[in-house]
Amino acid sequence: MPEQYPEYWEVPSMELSEYLDTVSEQIRCKKARIMVREELENHVQEQSDAYEADGMTPSEAKREAVRQMGDPIETGTALNRIHRPHLEWKFLILVLLLSALGLALQYMTCYTGLFGGISGDLADYFWTRQCFFTFVGLAVLAAVYIVDYTILGRYPLLLWFGYFVVIFIIANTHVVIMGKVRIYNYLTLFLPLYAGVLYRFRTKGYGAVAVCYLLSFMPFFMGLKTIMVHGSLELAGGCFLLLLIAVWKGFFHVKKARTIAALIAVPVLTLLLLYWKGTDLGVLHTYQMIRLQSIFGPDMLHYNSNRGIIPYLQESVSSFQMFGSSAAPVPKAMKFLNCDYVVFFVFAKYGIAAGTAMLCILAATAAKAFSISWRQKNRLGFLVGTACSVVLTIQMLVYVAANFGVPLVEPMTIPFLSYGGQSTLVNYILIGLILSVYRNKDIVSERHGTRGKWKIRLERLES
């Protein structure tokens, strides 16, 4: 053997397959074994090519490359410490803290409120139901955490259209309340599914961008038929933001600036078309059109003020105390503080300090969710984590804005704090997906996000 290649491993040489088998046996996580084998095989191939360029024969180069990888047992043991499932404890602690805080706030809004709680039987119903869904939600979180999230990248279109059919059935069988079907939270699960669709069409160019943009309208128009206009706009905004991020990160192999400019222009024109011709085109109901025109019309600052909610919120904000209660009697429309006005309740009942502390915990949770997602090397993990983070953050921002009297929005739900079985379960699913992305960060390779393909490599055998 040439002297320029040092003795890294004194054990007699192995064949590559035998070496990889020995290394893999030291790794406990089965999914990680596939990724480790691929990485080691690629490294050996690169090193072997370098030795061939130095004048070695292919067989000598391959044996030397394997030999210099070191003892397979020691290598496998070291890799086992790296390539194993992980749990993001800091993020989980934040979620558990919010869950406990949410139950405490539900108890206080039900039994004490600002000027007395809800009537006894109804308060008991709200409180026990929220406790039940919180504990069920934590169990759902644990289940989603264990499940391999890469299924979203392996069967994206099947999951996307299949879920659309499920939502369509729910929308046509659920009870209609005040002109809408209450399935907003179900619709938010379209965003992590949309992440899988974006991953499916990565590297496909401008045509793929157009297809992804058109697919993003499916939950938007489903929302128009089932929930309020602003809820549909939130869904559309989430999908649109995710598409822009994918383009900005270079996933589609297109010119970023030009594509982003075109993508921004299209929804602006679409909104103008809906504003002027939404009813004529059959896209919007008459009452939705009136609401849309009211929001963006000259009287937008007085939107919804007929119920007395927005003026009351705006006046109350200016009278908040640093500590302690500062609320005046609330309008009848705000009777159920546990649903739509939890943030306002904390500021009005316990003061600015307590309310600010609560908002800081929410902000830290959202920031941590984005931090986990944006550190992923796997593009599918990045997209799925970002999608879930976007959903949670939009809910937080809209809810807080509505609680402070911003006239263009209405409260839907705020993760973990507001009342609701559907919203509680869906938000725990989103958190479970983020934790699953982190769990698999060192055991799932980019190849796991797609359906398997056969690859044949031809090599010249030594004569």
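This chain uses plain numbering: 1 for the first residue, then up along the sequence.
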**Request:** State, with a plain yes or no, whether a side-chain heavy atom of K377 is found less than 4.5 Å away from one of F382.
**Result:** no

**Request:** Check I434 against C388 and note the closest heavy-atom contact, atom names and distance.
**Result:** CG1-CB, 3.6 Å

**Message:** If you define the side chain from C-beta out and look only at heavy atoms, does anything of Y149 sit under 4.5 Å from L380?
**Reply:** yes

**Message:** Strictly distance-based, threshold 3.5 Å: is any side-chain N or O of T109 a donor or acceptor partner for the main-chain N or O of L105?
**Reply:** yes

**Request:** Apply side chain to side chain contact (heavy atoms under 4.5 Å, CB included) to I431 and F416, showing your working.
**Result:** CA-CA 11 Å; I431 294 296; F416 314 112; 3.4 Å; yes

**Message:** Is the shortest side-chain heavy-atom distance between T134 and Y428 below 4.5 Å?
**Reply:** yes

**Prompt:** Side chains of L417 and V346: does their closest heavy-atom pair fall under 4.5 Å?
**Reply:** no

**Prompt:** In terms of side-chain heavy atoms, does Y419 have a donor or acceptor partner in R129 at a distance below 3.5 Å?
**Reply:** yes

**Message:** Ignoring hydrogens, what is the shortest heavy-atom contact between L138 and S99? Give both atom names and the distance.
**Reply:** CD2-OG, 4.4 Å

**Asked** Are the side chain of Y399 and the backbone of D340 linked by a donor-acceptor contact shorter than 3.5 Å?
**Response** yes

**Message:** Applying side chain to side chain contact (heavy atoms under 4.5 Å, CB included), can you list everything that pairs with T356, at least two apart in sequence or on another chain?
**Reply:** F347, I352, C360

**Fill in**
Between the CG atom in L435 and the NE2 atom in H86, the distance rounded to the nearest 0.5 Å is 13.5 Å

**Request:** May I ask you to test the T393-L397 pair for a side-chain heavy-atom distance under 4.5 Å?
**Result:** yes

**Asked** Taking atom CE of M358 and atom CG of L98, what is their separation to the nearest 0.5 Å?
**Response** 9.5 Å

**Prompt:** So does Y206 have more than 12 non-hydrogen atoms from other groups sitting under 6.0 Å from OH?
**Reply:** yes

**Message:** Looking at every non-hydrogen atom in both residues, tell me the closest pair between P192 and L430 and how far apart they are.
**Reply:** CG-CD2, 4.1 Å

**Request:** Hey, could you give me the CG/CG distance between L159 and L189, rounded to the nearest 0.5 Å?
**Result:** 11.5 Å

**Fill in**
Closest heavy-atom pair, I146 versus R439, reported as atoms and distance to 0.1 Å, is O-NH1, 3.6 Å

**Complete:** Between W127 and L103 the two heavy atoms that sit nearest each other are CZ3-O, 2.9 Å

**Message:** Is it the case that the ring center of F345 lies less than 6.0 angstrom away from the ring center of Y341?
**Reply:** no

**Message:** Quick check for you: to the nearest 0.5 Å, what is the distance between I414 atom CD1 and N427 atom CG?
**Reply:** 10.0 Å

**All pairs passing salt bridge (Lys or Arg N to Asp or Glu O under 4.0 Å) where residues 359-375 contributes a residue, at least two apart** = E88-K368

**Message:** Is the shortest side-chain heavy-atom distance between V95 and L141 below 4.5 Å?
**Reply:** yes

**Request:** Could you tell me the separation between the CG atom of L383 and the CG atom of N378, rounded to the nearest 0.5 Å?
**Result:** 9.0 Å

**Complete:** V342 and N403 have their tightest heavy-atom pair at N-OD1, 3.6 Å

**Request:** Could you walk me through whether R200 and L152 pass the side chain to side chain contact (heavy atoms under 4.5 Å, CB included) test, one step at a time?
**Result:** CA-CA 9 Å; R200 165 66 176 78; L152 298 177; over 6 Å; no

**Prompt:** Taking C-beta and beyond as the side chain, do M108 and Y350 meet within less than 4.5 Å on heavy atoms?
**Reply:** yes

**Request:** Would you check if the side chain of Q422 reaches a backbone N or O of N185 as a donor-acceptor pair within less than 3.5 Å?
**Result:** yes

**Request:** Apply the test side chain to side chain contact (heavy atoms under 4.5 Å, CB included) to residues Y186 and Y163: give CA-CA distance (whole Å), side-chain angles for both, the deciding distance (0.1 Å), then the verdict.
**Result:** CA-CA 10 Å; Y186 293 147; Y163 191 64; 3.7 Å; yes

Residues 235-262 side chain polar contacts: donor-acceptor under 3.5 Å, at least two apart:
from	atom 1	to	atom 2	distance (Å)
K256	NZ	W248	O	3.2
T259	OG1	K255	O	2.7

**Asked** Would F91 and Y438 count as a close aromatic pair, with their ring centres under 6.0 Å?
**Response** no

**Request:** Indicate the ring-plane relationship of W160 and Y194, choosing parallel, tilted or perpendicular according to the 30° and 60° boundaries.
**Result:** tilted

**Fill in**
Between the CG atom in L198 and the CG atom in L215, the distance rounded to the nearest 0.5 Å is 9.0 Å

**Item:** Any donor-acceptor N or O pair under 3.5 Å, side chains N440, Y145
**Value:** no

**Message:** Just so I know, are the side chains of V165 and F168 near enough to count as touching, which here means a heavy-atom distance under 4.5 Å?
**Reply:** no

**Asked** Is the ring centre of Y213 less than 6.0 Å from the ring centre of F217?
**Response** yes

**Request:** Test salt bridge (Lys or Arg N to Asp or Glu O under 4.0 Å) on D148 and R154 and set out the steps.
**Result:** CA-CA 11 Å; D148 185 1; R154 292 198 297 272; 3.7 Å; yes

**Asked** Between R202 and Y199, is NZ or CZ placed under 6.0 angstrom from the six-membered ring centre and within 45° of the ring axis?
**Response** yes

